[in-house]
Amino acid sequence: EIYVQLQESVRGCDVFLVQPTCSPVNENLMELFVMIDACRRASARSITVVIPYFGYARADRKAQGREAITAKLSANLLTEAGSDRVIVCDIHSTQALGYFDIPVDHIHGQPVILDYLASKTISKDLVVVSPDVGGVVRARAFAKKLSDAPLAIVDKRRQGHNMSEVMHLIGDVKGKVAIMVDDMIDTAGTITSAAALLKQEGAEAVYACSTHAVFRFGSWFIVTSMIHVIVLIHWLVAKEPCYGMIRQIGFMFDQYKNDRVEQ
């Protein structure tokens, strides 16, 4: 059982609880619920829950019969526990934001990645690549901020749960630097297969940019791939080594917190 006791008074205070709900997801979620309840019973004026990585975000619809929509359930539990506001970063599907009955602020990691790419001064032609059809909107928005760079799409057909197979490429990447954009990297099967296809189609180099690094099977899987550099914001695997090809860039909520307190 999880036990929480606040070591100082928070009566009348604006409390910010920062808790990624990564692995172990259930334990971290339950710990968050208990912390929210402890703050509520300690008479906090407001409780803002900062969730950099929202667990169960991919369970946002019924793909088959008799399935649970766990993203909606998690949102309900956060509300019932006593949250006044939730902050999430690059949630898997924006439709999940509508599951909350309290205000939700959706923060994007895109500007941080754009700043990093700008610092690299990549002079060659760029093409932004969506690793699957579902990420086209995200990739298109990213491309617009890269001087309206061209867009390519990887057509992916899933063969099973968390398994993917790249079929073909829509767009031209020959002689260009391909920048793949996704919200998270879980098994890394999608981006490694897509990178192999991009190199096969003549891409000069492949950058993979993602907000959340889940790495279910470890980051070693991408070391042997065709990816030149992988850019990550939120590293979720504490014990996983950070290889030389991986660039972890920071992302802080401090400025947002100060703005909210001033309001």
Side-chain angles (χ1 to χ4, degrees), residues 52-53 57 88-95 97 105-156 164 166-186 188-214 219 222 225-235 242-253 255-256:
Y53 173 75
V88 295
C89 178
D90 279 334
I91 197 166
H92 182 67
S93 175
T94 53
Q95 72 184 35
L97 300 176
D105 293 307
H106 189 206
I107 295 179
H108 299 277
Q110 189 179 90
V112 183
I113 296 176
L114 288 169
D115 288 344
Y116 173 82
L117 293 176
S119 69
K120 297 292 101 178
T121 59
I122 303 173
S123 58
K124 297 183 179 180
D125 291 338
L126 297 179
V127 56
V128 177
V129 181
S130 174
D132 54 32
V133 176
V136 172
V137 175
R138 182 185 303 108
R140 185 187 296 120
F142 196 86
K144 285 183 178 179
K145 295 183 179 180
L146 281 175
S147 302
D148 205 13
L151 183 67
I153 304 168
V154 175
D155 180 28
K156 179 184 65 177
S164 62
V166 174
M167 302 300 290
H168 62 274
L169 179 69
I170 303 172
D172 180 29
V173 299
K174 189 172 182 179
K176 300 179 181 180
V177 175
I179 300 178
M180 284 193 294
V181 183
D182 209 350
D183 63 315
M184 72 173 69
I185 300 174
D186 185 359
T190 297
I191 64 163
T192 52
S193 299
L197 177 64
L198 292 172
K199 292 294 288 185
Q200 180 182 330
E201 294 292 331
E204 190 73 21
V206 178
Y207 284 68
C209 303
S210 178
T211 301
H212 309 294
V214 180
S219 59
I222 64 173
S225 70
M226 295 294 184
I227 299 175
H228 179 61
V229 173
I230 181 165
V231 184
L232 305 169
I233 293 178
H234 190 204
W235 186 266
C242 190
Y243 296 99
M245 64 182 298
I246 299 175
R247 304 289 185 269
Q248 183 184 4
I249 53 182
F251 183 68
M252 302 298 290
F253 290 86
Q255 185 57 50
Y256 178 89

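Just so you know, these numbers use all the heavy atoms, side chains as well, and skip hydrogens, waters and symmetry mates.
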Between L146 and I179, is a side-chain contact (heavy atoms from CB on, under 4.5 Å) present by the stated rule, with each step listed?
CA-CA 11 Å; L146 281 175; I179 300 178; 4.2 Å; yes
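- Atoms CG and OG, from D186 and S210 in turn, are 10.0 Å apart once rounded to the nearest 0.5 Å.
- A pairwise comparison of heavy atoms in V128 and A139 identifies CG1-O, 3.6 Å as the closest pair.
- Taking the side chain as every heavy atom from C-beta outward, V181 and I113 never approach each other to under 4.5 Å.
- For residues 199-212, every residue pair satisfying the salt bridge (Lys or Arg N to Asp or Glu O under 4.0 Å) rule, not counting sequence neighbours, is listed here: K124-E204.
- No side-chain heavy atom of V177 sits less than 4.5 Å from a side-chain heavy atom of H228.
- A pairwise comparison of heavy atoms in A203 and A178 identifies CB-CB, 4.3 Å as the closest pair.
- Residues meeting the ring-ring contact (aromatic ring centres under 6.0 Å, His included) test with F142, sequence neighbours left out: none.
- To the nearest 0.5 Å, atom CD of residue Q110 and atom CD1 of residue I233 are 9.5 Å apart.
- In this structure, the side chains of D172 and P150 stay at 4.5 Å or more apart for every pair of heavy atoms.
- Checked by atom type and distance alone, the side chain of T192 pairs as donor or acceptor with a backbone atom of G189 at under 3.5 Å.
- Of all non-hydrogen atoms in G109 and D90, the two that sit nearest each other are N-OD2, 3.1 Å.
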For the pair V136 and L151, evaluate side-chain contact (heavy atoms from CB on, under 4.5 Å) and give the outcome as yes or no after the intermediate values.
CA-CA 9 Å; V136 172; L151 183 67; 4.3 Å; yes
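- Using a 4.5 Å heavy-atom threshold, the side chains of V129 and V206 count as separate.
- A heavy-atom distance below 4.5 Å is not found between the side chains of V127 and L198.
- Distance check, rounded to the nearest 0.5 Å: CG of L117 to CG of L126 gives 8.0 Å.
- For residues 137-149, the salt bridge (Lys or Arg N to Asp or Glu O under 4.0 Å) pairs, not counting sequence neighbours, are R138-D182, R138-D183.
- What you find for I91 and H106 is that their closest heavy atoms are N-NE2, 3.0 Å.
- Residues V173 and A152 come closest through the heavy atom pair CG1-CB, 4.1 Å.
- Proximity of I185 to L232: side-chain heavy atoms (C-beta onward) are separated by under 4.5 Å at one or more points.
- Of all the heavy atoms in M226 and A196, the pair that sits closest is CG-CA, 3.9 Å.
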